[in-house]
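The basis for the numbers below is simple: all heavy atoms, side chains too, and nothing from hydrogens, waters or symmetry mates.
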Amino acid sequence: MRRISDDERRARLGRRHRLAPASAAPATPEGVVDVARSLVAFHATDPASVYLSARARLAGGGSPDDVSRALYDDRTLVRMLGMRRTMFVVPTTFVPVVQAGATDAIAERETRRLLKLLGEVGIPEPERWLADARAATLAALEARGEALAVELSADVPALRTRSTYAEGKPYGGEVTLTSQIMNGLGSSGAIVRGRPRGTWAGSQYRWAPTASWLGDTL
């Protein structure tokens, strides 16, 4: 039986993950998608990590525009929550797999957690309240086409509902439920994160209905 040494395994992984110079992808939006397929996903909790990961694997390093075009113009890559409730950038064709493999379970957990929170802040009939809030938010987003969460909160009063976290702790405070409702809609597959506010390294994203952003791709 042939044995594979640690050195050979690392060499194979370097080629598979496009880190070896000979396996670098073309510095094009299509090349960025090829890299994402080789990795399965880019880690994307920090917006810049997607661009840095791609740059390390593109011939000549490429440019941020190559990644941005794939994400926001060609829409062959998309941001979504995946394993460990972590943000990833995945090829659009991988979205159904990640959704079924990880994100559906995240959506269920987040819904249970939010319903518990709604009960704690005194919202009567939390299930109905949350369903109505999500429906109103989705309708407002469809009317706008794309929007920042802060813009949607001006349209949907439920998004401005406030709750207190870590009460009595020095790091605690009062926050609105905007992010939690938006993340719930995102993890359920109803909406996706689009272009960021400001530069390519920004962390505030415009949201869009999945159906209009990705069409029938899924």
Identify the two heavy atoms, one from P209 and one from G145, that lie closest to each other, and give their separation to 0.1 Å. CD-O, 3.3 Å
The single option from V35, V33, L39 that satisfies side chain to side chain contact (heavy atoms under 4.5 Å, CB included) with R37 is V33
Can you name the closest pair of heavy atoms from Q99 and G189 and give their distance? NE2-N, 4.1 Å
Would you mind listing the cluster partners of M87? Hydrophobic ones only (ILVMFWY), side-chain contacts under 4.5 Å, chaining allowed. L81, I106
Other hydrophobic cluster members with L13, side-chain heavy atoms of Ile/Leu/Val/Met/Phe/Trp/Tyr under 4.5 Å, chained? none
With side chain to side chain donor-acceptor pair (under 3.5 Å) as the rule and sequence neighbours excluded, what pairs involving residues 117-128 come up? none
Mind checking what makes side chain to side chain contact (heavy atoms under 4.5 Å, CB included) contact with A36, not counting sequence neighbours? F42, L77, P91
Measuring from atom OG1 of T76 to atom CG of D34, what distance do you get when rounded to the nearest 0.5 angstrom? 9.5 Å
Smallest separation among heavy atoms of R79 and L71, with atom names: NH1-CD1, 3.8 Å
Which side chain to side chain donor-acceptor pair (under 3.5 Å) pairs, counting each pair once, include a residue from residues 180-203, with sequence neighbours left out? D73-R195, R113-Q180, N183-R193, R197-Q204
Listed partners of R16 passing side-chain hydrogen bond (donor to acceptor under 3.5 Å, both in side chains), at least two apart: none
Contacts under 3.5 angstrom, residues 46-68 side chains, donor-acceptor by atom type, not counting sequence neighbours:
residue, atom, partner, partner atom, Å
D46, OD1, A48, N, 2.9
S49, OG, H43, O, 2.8
S49, OG, D46, O, 2.7
Y51, OH, S68, OG, 2.9
S53, OG, S49, O, 2.8
R57, NE, H17, O, 2.7
R57, NH1, S53, O, 3.0
S63, OG, D65, N, 3.3
D66, OD2, S63, N, 3.0
S68, OG, P64, O, 3.2

State, yes or no, whether a side-chain contact exists between V32 and R69 at a heavy-atom distance under 4.5 Å. no
Output yes when R85 and E110 qualify as a salt bridge under the 4.0 Å nitrogen-oxygen rule, no when they do not. yes
Looking only at non-hydrogen atoms, find the nearest pair between V98 and G82 and report the distance. CG1-CA, 4.2 Å
Those residues that, when tested against D155, pass side-chain hydrogen bond (donor to acceptor under 3.5 Å, both in side chains) (two or more places apart): R144
Just to verify, what does R15 make a side-chain hydrogen bond (donor to acceptor under 3.5 Å, both in side chains) with, not counting sequence neighbours? none
Given a cutoff of under 4.5 Å between side-chain heavy atoms of I, L, V, M, F, W and Y, with clusters grown through shared members, what are the other residues clustered with I123? L114, L115, L117, L118, V121, W129, L130, L138, L141, L152, V156, L159, L177, I181, M182, L185, I191, W207
Evaluate the criterion side chain to side chain donor-acceptor pair (under 3.5 Å) for residue pair R134 and T111; output intermediate values, then yes/no. CA-CA 11 Å; R134 286 176 170 174; T111 296; 3.1 Å; yes
Which residues share a side-chain hydrogen bond (donor to acceptor under 3.5 Å, both in side chains) with R160, sequence neighbours left out: none
Show the nearest heavy-atom pair for residues G14 and S23, with the distance to one decimal. O-OG, 3.9 Å
Looking at A102 and M83, what are the two nearest heavy atoms and their distance? CB-N, 3.7 Å
Side-chain heavy-atom pair V90, V78 within 4.5 angstrom cut-off: yes
Supply the members, apart from L19, of the Ile/Leu/Val/Met/Phe/Trp/Tyr cluster built from side-chain contacts under 4.5 Å; use none for a lone residue. none
